[in-house]
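For reference, the structure discussed in these notes is given below.
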Amino acid sequence: QVQLVESGGDLVQPGGSLRLSCAASRSIFNINNMGWYRQAPGKQRDLVAAFTSGGTTNYADSVKGRFTISRDNAKNTVYLQMNSLKPDDTAVYYCFLVGFGSRYWGQGTQVTVVS
């Protein structure tokens, strides 16, 4: 019922910044639970940041103070602003949305942080 298209992944140096975008194919105005997971090689897919069903934001401890999740309902888009990037942030980042009868995932966008 909805497609999610991620963009913004890149190769950056430690301390750099990136902004990831996740564009939905339909309105997200009424969607409460959406956000970002990431998966590094050989590791499980872990929650990075999300808008929760309770109306709050939730961040992994490893990214608190560095990453910020935001949304633009007019553009049907969720963003992840990533600052002070570290090599451990290297992963494929996946957008998710809960709604429209299911949980949906984007295709993933690669973030690589290396000197």
Side-chain angles (χ1 to χ4, degrees):
Q1 288 187 277
V2 63
Q3 285 73 51
L4 304 175
V5 180
E6 295 130 319
S7 62
D10 205 349
L11 188 152
V12 297
Q13 295 185 346
S17 297
L18 286 173
R19 188 177 74 159
L20 307 183
S21 298
C22 173
S25 62
R26 60 187 293 180
S27 175
I28 62 169
F29 181 78
N30 294 126
I31 302 299
N32 295 319
N33 192 195
M34 68 184 76
W36 299 87
Y37 280 71
R38 68 185 181 187
Q39 187 168 26
K43 297 183 178 180
Q44 68 181 29
R45 187 176 297 189
D46 292 326
L47 182 70
V48 178
F51 294 105
T52 72
S53 59
T56 64
T57 54
N58 187 42
Y59 295 92
D61 287 342
S62 59
V63 308
K64 286 181 179 177
R66 300 188 298 119
F67 291 11
T68 303
I69 187 171
S70 62
R71 64 195 289 173
D72 187 337
N73 288 342
K75 296 181 178 180
N76 296 333
T77 300
V78 179
Y79 302 97
L80 184 67
Q81 179 66 46
M82 306 186 296
N83 298 326
S84 302
L85 283 162
K86 304 175 180 179
D88 284 349
D89 296 320
T90 296
V92 178
Y93 285 70
Y94 298 90
C95 179
F96 80 92
L97 178 155
V98 178
F100 309 112
S102 188
R103 176 183 287 265
Y104 298 89
W105 297 93
Q107 82 287 351
T109 185
Q110 176 71 48
V111 172
T112 303
V113 185
V114 66
S115 298

Taking every non-hydrogen atom, the tightest pair across [X] and [Y]:
| X | Y | answer |
| --- | --- | --- |
| F29 | S27 | N-OG, 3.2 Å |
| L47 | W36 | CD1-O, 3.5 Å |
| L4 | Q107 | O-OE1, 3.5 Å |
| A40 | A91 | N-CB, 3.8 Å |

Measuring only between side-chain heavy atoms, which start at C-beta, is [X] closer than 4.5 Å to [Y]?
| X | Y | result |
| --- | --- | --- |
| F67 | L18 | no |
| R38 | V63 | yes |
| D89 | M82 | no |
| S17 | Q81 | yes |
| E6 | L20 | no |
| T68 | Y79 | no |
| L97 | V78 | no |
| Q110 | T90 | yes |

Is a side-chain donor or acceptor of [X] paired with a backbone partner of [Y] at a separation under 3.5 angstrom?
| X | Y | value |
| --- | --- | --- |
| T77 | A23 | no |
| R71 | I28 | yes |
| D10 | T112 | no |
| R26 | V2 | no |
| T52 | G54 | yes |

Exercise. Treating Ile, Leu, Val, Met, Phe, Trp and Tyr as nodes and any side-chain heavy-atom pair under 4.5 angstrom as an edge, say whether L80 and V92 lie in one connected cluster.
Key: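 No, L80 and V92 fall in different hydrophobic clusters.
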
Quiz item: Any chain of hydrophobic side-chain contacts (each under 4.5 Å) joining F96 to Y104?
Solution: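 Each belongs to a different hydrophobic cluster.
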
In Å, rounded to the nearest 0.5 Å, how long is the span from [atom1] of [X] to [atom2] of [Y]?
| X | Y | atom1 | atom2 | result |
| --- | --- | --- | --- | --- |
| T56 | F51 | OG1 | CZ | 10.0 Å |
| K86 | S62 | NZ | OG | 8.0 Å |
| L85 | N83 | CG | CG | 7.5 Å |

Quiz item: For Y37, which of W105, Y94, Y93 qualifies under ring-ring contact (aromatic ring centres under 6.0 Å, His included)?
Solution: W105

Quiz prompt | Sidechain N-carboxylate O distance under 4.0 Å for D61, K64 | solution =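 Answer for the salt bridge query: yes.
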
Quiz item: Just wondering, are more than 12 heavy atoms of other shown residues or ligands nearer than 6.0 Å to CG in D46?
Solution: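 Correct, the count exceeds 12.
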
